[in-house]
2 protein chains.
Amino acid sequence: MSRLAKTDAETVRAHNRLAVLDHLRRVSVSTRKSVSEATGLSVSASSAISASLLRCGILEEVEEDDRSNRRGRPGKGLGLSGGAACVAALKLAVGEVSGRLSDYAGRPLAEIRREVDIASHDGAALVMLLADLCGALRSQAQGRSRPLDKVVVAVQGKTDSGLSGIVWSPALRHRDIEIAAPLTARLGAEVSVLNDCSVMPEAFRWQPDFAGLDFATLFVGFGVGMGLQISGETFQGKRSSAVEFGHINHVPGGALCRCGNRGCVEAYASDYAIWRRAKGTDEIAARRIRDEEIHALAEAARAGDAAAATAFEEAGIAIGYGLGRVFTMIDPLPIVLTGSGVQAIDRLEPVIRRGIAESAVDGLGADTPLILEEDTDALVFDAATAYALAALDKGFSRSAPEATEAA
Amino acid sequence: MSRLAKTDAETVRAHNRLAVLDHLRRVSVSTRKSVSEATGLSVSASSAISASLLRCGILEEVEEDDRSNRRGRPGKGLGLSGGAACVAALKLAVGEVSGRLSDYAGRPLAEIRREVDIASHDGAALVMLLADLCGALRSQAQGRSRPLDKVVVAVQGKTDSGLSGIVWSPALRHRDIEIAAPLTARLGAEVSVLNDCSVMPEAFRWQPDFAGLDFATLFVGFGVGMGLQISGETFQGKRSSAVEFGHINHVPGGALCRCGNRGCVEAYASDYAIWRRAKGTDEIAARRIRDEEIHALAEAARAGDAAAATAFEEAGIAIGYGLGRVFTMIDPLPIVLTGSGVQAIDRLEPVIRRGIAESAVDGLGADTPLILEEDTDALVFDAATAYALAALDKGFSRSAPEATEAA
DNA sequence: AAGACTTTTTCCAAGCCTCGTAAAAAATGG
DNA sequence: CCATTTTTTACGAGGCTTGGAAAAAGTCTT
């Protein structure tokens with residue numbers, strides 16, 4: 001058997017149509033001419049493809065504003081047709097579910113957040129809750145939405161490699177919960193279930209400053225998680241869907257982690273780890289440490305509280321060594337940081353960089369760019385939405401050329 | 001700008017020709033019909049492509065032996081034409097250079113190994129040495145070789161991301177040595193310079209048991225290195241070309257490593273680390289520890305020598321924790337082990353598995369398959385040769401359709 | 001040993017994309 | 001109001017794959 005699949009006319013059409021859609025994702029409004037320039041396609045091909053996509057209702061002609069007295073025939077603006085589809089990004093975390101509804105052009109239509117004690121929910125209850133959330137989003141969007149075409153559920157915890165359910169989550173008591181199939185049955189939309197941290201890089205899929213860039217997203221808060229963007233692909237493991245950065249061992253036989261092992265990065269750098277270290281206990285708090293408590297600890301550290309200062313220092317070192325290990329294995333990568341850790345970045349950054357310097361070969365990566373993103377929810381919604389839209393784009397590009405209708 | 005390149009007829013042809021070549025790499029001899037089945041191409045297309053490649057001299061018709069009284073017209077055997085090209089795999093290590101010459105079908109034509117003190121060689125001397133090695137290989141092959149088309153140099157140490165030279169090597173005193181350009185000038189063949197450990201997965205590129213499989217190659221010996229095969233691609237970093245597994249930190253502030261940092265895996269698991277631990281010293285031996293010395297230490301450990309036993313135990317734990325960290329980040333992967341570590345595998349394997357169990361989430365991967373490859377040189381030659389041939393295949397598949405010659 | 005049957009190859013018309021060029025369309029400028 | 005510039009559409013051509021028919025080259029049966 002050959003690993004390489006054959007290529008034929010259909011593959012070519014799909015690929016080039018996708019290239020056109022991908023370009024429009026980046027620039028949002030373009031013309032046939034500039035599509036041709038950006039994709040490398042001839043103007044004829046660009047025009048033909050645009051025409052086909054327009055007939056399908058995937059694209060629409062829009063008014064360009066930049067009529068800045070340029071000579072010649074003005075290009076007709078092309079843009080993704082918002083009405084072509086509707087996607088939902090749902091987020092499932094400890095004690096809360098939330099979601100965002102967006103149209104095919106990526107414009108948000110509605111957003112919602114509910115504090116719910118889902119710990120004891122089983123599969124059926126969870127699916128009902130998520131379906132209900134989608135309903136609430138649609139009614140909040142009034143008439144501006146259409147039936148859902150794609151739903152992406154980002155969950156705290158381990159998801160299965162088929163993107164179909166949850167293996168384990170700190171938010172839930174039950175394990176191995178199937179989500180995709182039953183939720184699809186209820187909503188009529190394709191459903192993918194992913195780990196919240198591992199999808200995060202998708203948020204930057206069409207952002208010009210990240211084009212073609214390898215980078216990592218790092219979440220430091222309730223837990224510690226990472227998303228990896230390598231050679232243009234968001235890394236998804238085979239076994240689970242997560243880069244379990246928080247559970248990379250930091251110190252053999254070290255502090256007890258929630259996962260049962262000793263010495264994980266999370267056992268030093270997550271909220272509960274910082275909290276217990278500052279409070280001088282070895283126990284893992286049963287309750288969730290609130291972001292405000294971390295703020296307060298950071299304030300204390302700034303004010304000279306030795307225990308709090310040490311807690312943040314050890315957290316930073318653990319993160320730094322973890323990053324150093326990743327950099328040694330993969331490559332030094334720019335880091336997008338989010339979570340409660342952002343609030344204490346003044347405490348963390350110097351020690352993180354020290355940790356990298358001490359653990360990476362030649363200290364390479366100690367000066368890597370660190371980009372802060374305060375709003376974790378927005379980041380996850382952006383990411384899950386981008387993931388959903390990319391999946392739709394792929395489907396649309398593959399679909400058969402519309403039947404010739406007019407005589 | 002769009003990240004997606006356009007696709008046209010030329011791309012299609014190149015892709016499908018490559019699919020045919022790729023299939024022939026796996027099965028070595030095939031027919032037009034079975035090429036069609038394996039690639040998914042129609043019989044017509046398979047036949048047309050084969051005809052074109054035959055005219056180019058890239059393929060040749062061969063006699064099939066398995067004339068096992070099957071009915072119907074027998075298929076004409078198709079195989080890669082050995083004479084179509086000639087590649088050299090060179091290996092540069094501490095105190096020795098070696099190489100293998102192969103034809104386009106991958107059949108070895110000559111092999112050579114020279115113990116040379118290259119420590120003080122500069123770029124010019126090194127290039128001369130390598131060029132001379134190629135000359136010796138060709139004369140050893142008698143008339144069966146043709147001018148070289150591609151040369152791959154596998155070096156112990158860090159190579160640059162352009163695959164053009166050596167950043168640093170334990171075998172050399174000089175740094176930043178440019179190899180590709182001057183060697184190409186001398187030989188007239190394309191040259192790529194890669195890290196020996198990171199190319200190793202290429203050795204399994206066309207092996208059926210590894211088809212589509214993600215796995216890692218692990219070298220434990222003079223140093224500790226790793227090669228990663230992930231989603232069908234051999235991982236090559238951007239910055240260097242290596243997965244610096246040996247320098248992933250094991251214990252913060254731990255044993256001194258050759259790289260200057262403290263606590264690297266290599267500082268526990270490489271030959272010099274095992275040797276110094278068994279001898280009760282902290283110093284890094286200036287000389288290279290010979291494989292026989294490791295054998296002797298393993299024998300001593302088996303006979304009950306406590307210091308030797310501890311040395312191997314700590315080495316195994318370091319490797320196990322290192323693997324656990326990799327598995328946590330990427331995925332549990334089957335491991336192909338090579339180097340002097342193979343000789344002491346009875347001492348190492350149990351502790352390696354214990355290390356994985358203690359450091360990976362849920363101990364996942366502690367039972368990962370461990371495949372032993374005693375002959376490191378052969379593995380590197382296989383890998384570098386496969387890499388070279390794959391590069392040629394890509395070039396051949398892209399080259400213009402041969403000019404129609406016959407009337 | 002000749003004809004029937006099977007399987008592999010080759011040959012040829014057709015289809016689908018893309019490409020390049022020419023013509024048409026839609027604005028600006030003098 | 002006409003020349004100029006720029007974008008879009010229209011049309012013929014080329015390349016590669018496809019599917020079916022015909023040819024080729026064996027084995028099996030009578």
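Treat the numbers as computed from the prediction; the structure is a model and nothing was measured.
Residue B:Glu37 contributes atom CD, which lies 12 Å from atom P of C:dT7 at whole-angstrom precision. Straight-line distance from the NZ atom of B:Lys33 to the C1' atom of D:dG26: 15 Å, rounded to whole Å. Rounded to a whole Å, the CD1 atom of B:Ile49 is 16 Å from the P atom of C:dC11. The nearest whole Å value for the distance from the CD atom in A:Glu61 to the P atom in C:dA25 is 16 Å. Rounded to a whole Å, the CD atom of B:Glu63 is 14 Å from the C1' atom of D:dA25. Protein atom CZ of A:Arg17 is 15 Å distant from nucleotide atom C1' of C:dT18, rounded to whole Å.
Out of C:dT18, D:dT8, C:dC5, the shortest distance to the side chain of A:Lys76 is found at D:dT8. Of the candidates D:dG15, D:dC28, C:dT9, D:dG15 carries the atom nearest the B:Ala9 side chain, counting heavy atoms from C-beta on. Side-chain proximity of B:Arg32 to C:dT18, D:dT8, C:dT9: nearest is C:dT9.
Using modelled atom types and a 3.5 Å distance limit, the side chains of B:Ser145 and B:Arg138 yield a donor-acceptor pair. Between B:Lys150 and B:Ser192, the side chains place a donor N or O and an acceptor N or O closer than 3.5 Å (distance only, hydrogens not considered).
If A:Val12 and B:Gly72 are placed on DNA chain C by their nearest nucleotide, the residue sitting closer to the 5' end is B:Gly72.
Between A:Lys76 and A:Glu63, no side-chain nitrogen of the basic residue sits less than 4.0 Å from a carboxylate oxygen of the acidic one, so the salt-bridge criterion is not met.
Seen from the ring of B:Phe204, B:Arg26 does not count as a face-on cation partner, given the 6.0 Å and 45° thresholds. The cationic group of A:Arg25 does not satisfy the cation-pi geometry with A:Phe396, failing either the under 6.0 Å distance to the six-membered ring centre or the 45° limit from the ring axis.
Nucleic acid contact for B:Leu78: none, since no nucleic acid atom lies under 4.0 Å from a heavy atom of the residue.
The side-chain contact (heavy atoms from CB on, under 4.5 Å) test with B:Leu389 is passed by exactly one of B:Asp103, B:Leu21, B:Val87: B:Val87.
Looking at A:Arg71, its side chain comes within 3.5 Å of the base of D:dT4 through a donor and an acceptor atom.
A:Arg70 has a side-chain polar atom (N or O) that falls below the 4.0 Å cut-off from OP1 or OP2 of D:dT7. Taking only side-chain nitrogens and oxygens, B:Ser47 comes nearer than 4.0 Å to OP1 or OP2 of C:dT10. B:Asn16 has a side-chain polar atom (N or O) that falls below the 4.0 Å cut-off from OP1 or OP2 of D:dT17.
Minimum interatomic distance between B:Val199 and B:Ala383 (heavy atoms only, all atoms of both residues): O-CB, 3.4 Å.
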For each nucleotide in nucleotides 18-23 of chain D, reading 5' to 3', give B when a protein heavy atom comes within less than 4.0 Å of its base, S when such contact involves only the sugar-phosphate, and - otherwise.
-> BBB--B
